[in-house]
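Here's the structure we're looking at; comments come further down.
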Amino acid sequence: MPLVCLTDFQAYAQDHLSKSTWDFIEGGADECFTRDDNIAAFKKIRLRPRYLRDVREVDTRTTIQGEEITAPICIAPTGFHCLVWPDGEMSTARAAQAAGICYITSTYASCTLEDIVATAPRGLKWFQLYVQSDRQLNKQVVQRAESLGFKALVITVDTPKTGNRRCDFRNELDLHMNLLLKDLRSPKEIDALTEVVAAVKGKMEVYLDGGIRTGNDVLKALALGAKCVFLGRPILWGLAYKGEHGVEEVLNIIKNEFHTSMTLTGCRSVAEIHQDLVQFSRL
Ligand SMILES: Cc1cc2nc3c(=O)[nH]c(=O)nc-3n(C[C@H](O)[C@H](O)[C@H](O)COP(=O)(O)O)c2cc1C
């Protein structure tokens with residue numbers, strides 16, 4: 001049976017990954033409220049489509065930090081892709097390059113930054129940093145990423161301590177790395193988006209990750225002011241399915257869904273996605 005939406009890839013990954021790997025990618029902290037809330041929050045939002053517009057041509061392209069991407073859907077940093085597929089982040093990087101979107105490589109990538117860049121030299125890549133107390137170490141890592149052509153630094157600031165990941169404790173998962181600064185909760189809910197967008201007053205781009213599973217979710221996030229969204233777990237599900245080609249399929253499906261959502265709501269370009277698409281009275 002073909003996989004037709006992102007949650008089909010989730011079911012495939014659950015069936016085919018070992019229990020400890022599945023628990024690692026799917027798990028959240030404590031009772032996983034934030035993870036589940038992120039997904040539920042999108043479903044509560046209702047859209048108000050615009051009809052009778054000429055939507056024969058719909059363009060999903062946009063820019064982030066001045067770089068053009070084919071759609072406002074990119075790859076969030078997640079660590080240890082080799083747990084899920086043999087050549088891990090190298091597959092992810094090639095899929096991102098083929099899709100023409102940005103891939104944020106994690107501090108905890110299981111391939112070297114050099115190998116990731118060599119395998120997808122033309123892809124737009126940013127580097128995610130967990131700031132360590134050793135300033136010299138931070139400097140070295142940042143300089144290495146910069147010299148390899150990573151275009152931006154994404155600093156994760158919500159991780160003074162690792163979340164209480166019960167499944168990983170039960171599975172006695174040991175990733176042979178210093179995980180002290182790692183936090184796999186997703187606290188960037190859509191509920192906070194409008195507050196952040198209002199606070200920055202257009203002075204900087206705002207991105208959102210956490211809970212994006214459909215093209216409609218992407219449209220809602222953009223209508224509420226995000227410039228781009230990032231996918232975490234769905235990329236790992238695609239990787240578990242067929243490596244690079246599985247990630248490409250995941251990206252194609254959500255990009256097509258986003259194109260359909262734009263068409264059905266009367267948006268011909270990303271610039272036409274406005275707040276008035278959202279029914280605030282029903283929030
Ligand atoms: C298995 C896993 C590993 C992650 N690793 C990192 C990481 O290394 N750095 C980071 O900043 N965020 C990390 N995250 C958080 C993701 O970037 C993202 O915020 C989170 O997965 C929410 O998006 P999602 O709902 O699309 O999965 C990780 C998340 C998961 C599930």
Side-chain angles (χ1 to χ4, degrees), residues 5-7 9-10 13-14 17-18 20-29 32-43 72-85 88-89 92 96 101-111 113 116 125-132 141 145 150 152-163 165 167-168 171 173 175 177-193 207-215 217-218 220-221 226 228-240 247 250-251 253-254:
C5 61
L6 269 48
T7 45
F9 289 80
Q10 180 179 27
Q14 182 167 21
L17 292 173
S18 70
S20 62
T21 301
W22 169 252
D23 284 349
F24 168 65
I25 69 172
E26 208 56 16
C32 305
F33 277 139
T34 312
R35 181 198 66 186
D36 298 342
D37 274 2
N38 278 349
I39 293 167
F42 283 102
K43 310 303 165 212
I73 304 165
C74 295
I75 302 183
T78 52
F80 308 108
H81 290 194
C82 288
L83 283 177
V84 178
W85 190 258
E89 285 82 4
T92 312
I101 51 123
C102 176
Y103 162 38
I104 307 181
T105 305
S106 162
T107 295
Y108 290 132
S110 41
C111 299
L113 298 184
I116 294 168
K125 284 178 279 306
W126 294 353
F127 179 71
Q128 176 266 327
L129 181 73
Y130 284 118
V131 177
Q132 312 286 328
V141 176
F150 286 83
L153 193 60
V154 177
I155 299 176
T156 301
V157 294
D158 58 6
T159 320
K161 187 175 187 291
T162 311
R165 293 176 50 84
C167 288
D168 293 348
N171 294 330
L173 187 72
L175 293 164
M177 272 212 193
N178 172 14
L179 289 181
L180 273 182
L181 288 175
K182 207 157 165 18
D183 184 352
L184 305 180
R185 288 173 301 164
S186 315
K188 312 112 192 168
E189 298 165 43
I190 196 163
D191 297 342
L193 179 64
Y207 313 123
L208 177 133
D209 78 356
I212 300 279
R213 301 293 179 260
T214 67
D217 297 342
V218 181
K220 289 169 182 174
C228 181
V229 302
F230 288 82
L231 302 175
R233 293 178 183 86
I235 297 301
L236 299 172
W237 305 334
L239 208 54
V247 176
V250 162
L251 291 169
I253 287 173
I254 194 162

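For ligands, and for the atoms within them, numbers begin at 1 and follow the listed sequence.
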Side chain, backbone, both or neither: which part of [X] has a heavy atom under 4.0 Å from ligand 1?
X	result
Gln128	side chain
Arg213	side chain
Phe80	neither

What atoms of ligand 1 come within less than 4.0 Å of a heavy atom belonging to [X]?
X	value
Gly211	24 (P), 25 (O)
Ile25	1 (C), 31 (C)
Arg233	21 (O), 24 (P), 25 (O), 26 (O), 27 (O), 31 (C)
Ala76	17 (O)
Tyr130	6 (C), 7 (C), 8 (O), 9 (N), 10 (C), 11 (O), 12 (N), 13 (C)
Ser106	7 (C), 8 (O)
Thr156	10 (C), 11 (O)

Open item on the list: Within this structure, what is the OG1-CG distance for the pair Thr92 and Leu251, rounded to the nearest 0.5 Å?
Closed with: 10.0 Å
Open item on the list: If I apply the N/O under 3.5 Å rule, does Phe24 come out as touching ligand 1?
Closed with: no
TODO: Please determine if Pro77 has a nitrogen or oxygen closer than 3.5 Å to a nitrogen or oxygen of ligand 1.
DONE: yes
Open item on the list: Measuring from non-hydrogen atoms of Asp209 to any atom of ligand 1, is the shortest distance under 4.0 Å?
Closed with: yes
Open item on the list: Below 4.0 Å from ligand 1: does a non-hydrogen atom of Thr107 turn up there or not?
Closed with: no
Task: Stepwise side-chain hydrogen bond (donor to acceptor under 3.5 Å, both in side chains) test for Trp22 and Gln10 - done: CA-CA 10 Å; Trp22 169 252; Gln10 180 179 27; over 6 Å; no
Open item on the list: Can you see whether Ser110 engages His81 through a side-chain donor-acceptor pair at a distance of less than 3.5 angstrom?
Closed with: no
- [ ] Indicate whether the side chain of Gln128 and that of Thr105 have a donor and an acceptor atom separated by less than 3.5 Å.
- [x] no
TODO: Mind running side-chain contact (heavy atoms from CB on, under 4.5 Å) on Ile254 and Thr214 for me, showing each step along the way?
DONE: CA-CA 6 Å; Ile254 194 162; Thr214 67; 5.7 Å; no
Open item on the list: Looking at Arg213 and Phe42, would you say the former's side chain and the latter's main chain have a donor-acceptor pair under 3.5 Å?
Closed with: no
Open item on the list: Is it the case that the side chain of Glu26 and the backbone of Phe24 share a donor-acceptor pair, with hydrogens and angles ignored and the cut-off at 3.5 Å?
Closed with: no
TODO: Begin with the C-alpha distance, continue with both residues' side-chain angles, and end with the deciding distance and a verdict on side-chain contact (heavy atoms from CB on, under 4.5 Å) for Trp237 and Val84.
DONE: CA-CA 8 Å; Trp237 305 334; Val84 178; over 6 Å; no
Task: Step-by-step side-chain contact (heavy atoms from CB on, under 4.5 Å) determination, Phe150 to Leu113 - done: CA-CA 9 Å; Phe150 286 83; Leu113 298 184; 4.1 Å; yes
Open item on the list: Heavy atom to atom 23 (O) of ligand 1, shortest distance: which of Gly210, Ala109, Pro234, Gly79 holds it?
Closed with: Gly210
TODO: Could you walk me through whether Glu89 and Ser106 pass the side-chain contact (heavy atoms from CB on, under 4.5 Å) test, one step at a time?
DONE: CA-CA 9 Å; Glu89 285 82 4; Ser106 162; 6.0 Å; no
